[in-house]
Each structure stands twice: as structure tokens, then as C-alpha cells.
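What follows is a single structure, written as C-alpha cells, with notes after it.
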Protein chains: 2
Amino acid sequence: MFVRIDLESDVPIYTQLTNQIMEGIATGELQPGEALPSVRSLAADLGINLHTVNKAYTILKDSGFIQIHRQKGAVVQSGGMPPADDAYKERLAEALRPMAAESLGRGMSLEDWLTICRASFEQLKAKREGRPI
Amino acid sequence: MFVRIDLESDVPIYTQLTNQIMEGIATGELQPGEALPSVRSLAADLGINLHTVNKAYTILKDSGFIQIHRQKGAVVQSGGMPPADDAYKERLAEALRPMAAESLGRGMSLEDWLTICRASFEQLKAKREGRPI
DNA sequence: TATGTGTTATATATCTAATATAACAGTTGG
DNA sequence: CCAACTGTTATATTAGATATATAACACATA
């Protein structure tokens, strides 16, 4: 697995896991229909508890990025990813606001800001496109 | 004061406070040299504890957005705001990554993403420029 | 029938968030 | 000088989040 957990980070382990799996899905490193490791095996691999992995899986299931077949395991969503609807865009804008405020406060220009935003997105997109489907 | 606290939010109160004061500074609603309310009066206004306000003030002081004169109170930084140096830009990019990943996963294009990023920044910037110095 | 899924249920330890009091050091206004 | 106001420090308590440890359950399947 490609997951790396930082136990020193102040970001909760289940959040790190959720983010990295989501990133894997976004970049195509994890293909639709592809099986994720079982909660027990991934927990063992990472040296963490089964429930911590389960919490990440549950979050991803609830937001629609994976499916969980009760006796078969977790699988990357194959019936289309959840849409970027208005509700999501609003949540996104809300989350971006404090960052935009701090950047503006530190004297960044709109161009500075957009450069970093663009880089963050393109980096992931490039990863996906450099990958066979 | 312009601060609104949402007690139902899962965002900690001191973080909400920190963000809103930072936003006030970024938009110019709070001018350099301007005094902030004392920890006790702001806490009373918002119906929260003095230490919660103090925590927000301490974070803003440590990051360089306000100064604290021990017996005079908290004042918006007048000696220049902290810069958007490489360390900050790296932290920013790191924080943006999970959001970019989810947006990409949900099928947003680079243009969709940049539109929302631009709007978040411009909204604050416009507020600042529509304000006399 | 044994094994491997996710799930549920308890229990525990540790840390964060928030509150409640109280006191201290130093400035400032009456 | 004295009362009032700053931030600061200290202690204690409550509630919740995070993470772990065990154990058991329901269900499919090899």
C-alpha cells in the first residue's frame, strides 16, 4: 500500500488515512472497482488499530467514494464518484476562506494565491493522466 | 465587534475566533494599531470563557498578526504583517492538497477549481478595497 | 466447517477544548 | 495613593475526541 502515517502529526490518523485514500482515488492510483485492504490487514500493515482504519473507511463510504460489501470488503466506488454539487462547492469555499484570508493578510497577490492553488490541483491531475486506464 | 461564534460547529471556538480576527485584519476591518477588546470584555460579549479568547489572541500573537502590550492590551500589528515566505507557502500547499484531491475526485475541472479559489480570495480583497485607509 | 469480511459493543488511556476561580504583576486614571 | 484595568499564570473540573485493546456477532465462501 502507498499509505504513510505520521504519528507525530497533529492531524488525526484516521484523517491522514482518509485523505491519502481519497488522493489515491483522485489520481487513479486506486481504480474504480479495485479492492482496498481489509481493515484488519491495513491496520496491521500500518501498526495501528482496526477501528482507526474502520473510521476512515466509514467516512469514505458515507461520502460516497467507496462501497463496502459486508462480507467481501471495501471497494473503490464503481458507480460514479459523488458529484461536485452546490452543497460541496459551498463547503469548499467555506474551508478555503480562512486560508485566503491569511494569505491576503500576509500580502499575497491574487496571482500568488492562484499560482499555489493551481499547482496543488495540477500536481494531482498530472499524476492521474500519466497513468494508464 | 463583528465576531459571530457558532457553538454547534465542530470547529473549535478559539479557531473560529482566530479565523475571524485574521479575516478582519486581512480585509482592513481591523486597521494596524487598532486595539482589540480585552480578553475579558470580548469573552463576556460572546458569552465564552476568558481563556478561550486568550488562546486565540496568543495564536495570533505567535504568528505575528497582533502585538500584546502586557498592561495595555492586544493591538493589531503595526510594524508590518508577517510575510508569505516559502515556509508559509509550503504549509498552504499542504493544506490545499486534500481539498484539491476531493475536488478532482468529484470530477471538477481545473477551471472549476480555480473559479472557487479566485472567488474566495477576491471576495476578501474587494472588501478591503472598498474601505478607506 | 473453518476462515475472512465488516460491524457492534465495552472498556480504557490520553489528549484537546472549554469552563470556573483565583491570584499575580504592572500600568493608568481619579 | 488607590481602585480599576491589562495580560498572565496556576489549578481544577467537565466533556468530548482520538486511539487502543478485546471480544463477539452475522454472513458469505472456499
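Computed over heavy atoms, backbone and side chain alike; hydrogens, waters and symmetry mates excluded. We name chains A, B, ... by the order of the sequence lines, and we start the count at 1 in each one.
- Residue B:T52 places its side chain closer to C:dA18 than to any other of D:dA28, C:dA18, C:dT7.
- Closest to the side chain of A:V39, from the set C:dT8, C:dG6, C:dT19, is C:dG6.
- Atom-to-atom, CG of B:L42 to P of D:dG7 comes out at 10 Å; the value is rounded to the nearest Å.
- A:S38 has a side-chain polar atom (N or O) that falls below the 4.0 Å cut-off from OP1 or OP2 of C:dT5.
- Going from atom CG of A:L92 over to atom CG of A:D86 covers 12.0 Å, rounded to the nearest 0.5 Å.
- B:I48 comes within 4.0 angstrom of the backbone, heavy atoms only, and of no base.
- Distance CG (A:L36) to C1' (C:dG4): 16 Å, rounded to an integer number of Å.
- Here C:dG6 presents its P atom at 9 Å from CD1 of A:I66, a figure rounded to the nearest Å.
- Considering CD of B:E111 and CG of B:L114, their distance stands at 7.0 Å, rounded to 0.5 Å.
- For residues 6-18 of chain A, proximity to DNA chain D is found at A:P12, A:I13, A:Y14, defined as any non-hydrogen atom under 4.0 angstrom from a strand atom.
- In this structure, A:R40 places its CZ atom 7 Å from C1' of C:dT5, rounding to the nearest Å.
- No hydrogens or angles considered: a donor-acceptor pair under 3.5 Å links the side chains of B:D112 and B:S109.
- For the pair A:Q71 CD and D:dC25 P, the computed distance is 16 Å after rounding to whole Å.
- One can place OH of B:Y57 at 12 Å from C1' of D:dT6, the figure rounded to the nearest angstrom.
- A:L36 and A:I59 sit in two unconnected hydrophobic clusters of ILVMFWY residues. Membership requires side-chain heavy atoms under 4.5 Å apart, directly or through other members.
- Considering only heavy atoms from C-beta on, B:P98 stays 4.5 Å or farther from A:M22 through its side chain.
- Evaluation of atom-type donor-acceptor distances gives no pair under 3.5 Å for the side chain of A:H51 against the base of D:dT18.
- For A:K55 and D:dT18, the shortest distance from a side-chain N or O to OP1 or OP2 is below 4.0 Å.
- Connection of B:F2 to B:Y57 is established within a shared hydrophobic cluster, with ILVMFWY side chains joined at heavy-atom distances below 4.5 Å, either directly or through further cluster members.
- Relative to the side chain of B:N49, the nucleotides C:dA20, C:dG4, C:dT7 differ in distance, and C:dA20 lies closest.
- Here D:dT9 is the nucleotide among C:dT8, D:dT9, C:dA17 with the atom lying nearest to any side-chain atom of B:N54.
- The distance between atom CG of A:L50 and atom C1' of D:dT22, rounded to the nearest whole Å, is 11 Å.
- Counting only residues at least two apart or on different chains, the ring pair (Phe, Tyr, Trp, His ring centres under 6.0 Å) pairs with a member in residues 104-127 of chain A are A:W113-B:F121, A:F121-B:W113.
- Whole-Å rounding puts the A:I59 CD1 to D:dA19 P distance at 10 Å.
- Between A:K72 and D:dT29 there is no side-chain N or O to OP1 or OP2 distance below 4.0 Å.
- B:I66 has its side chain out of reach of B:L30: every pair of non-hydrogen atoms, C-beta onward, lies at least 4.5 Å apart.
- Nearest-nucleotide mapping onto DNA chain D: of A:G47 and A:R70, the residue sitting toward the 5' end is A:G47.
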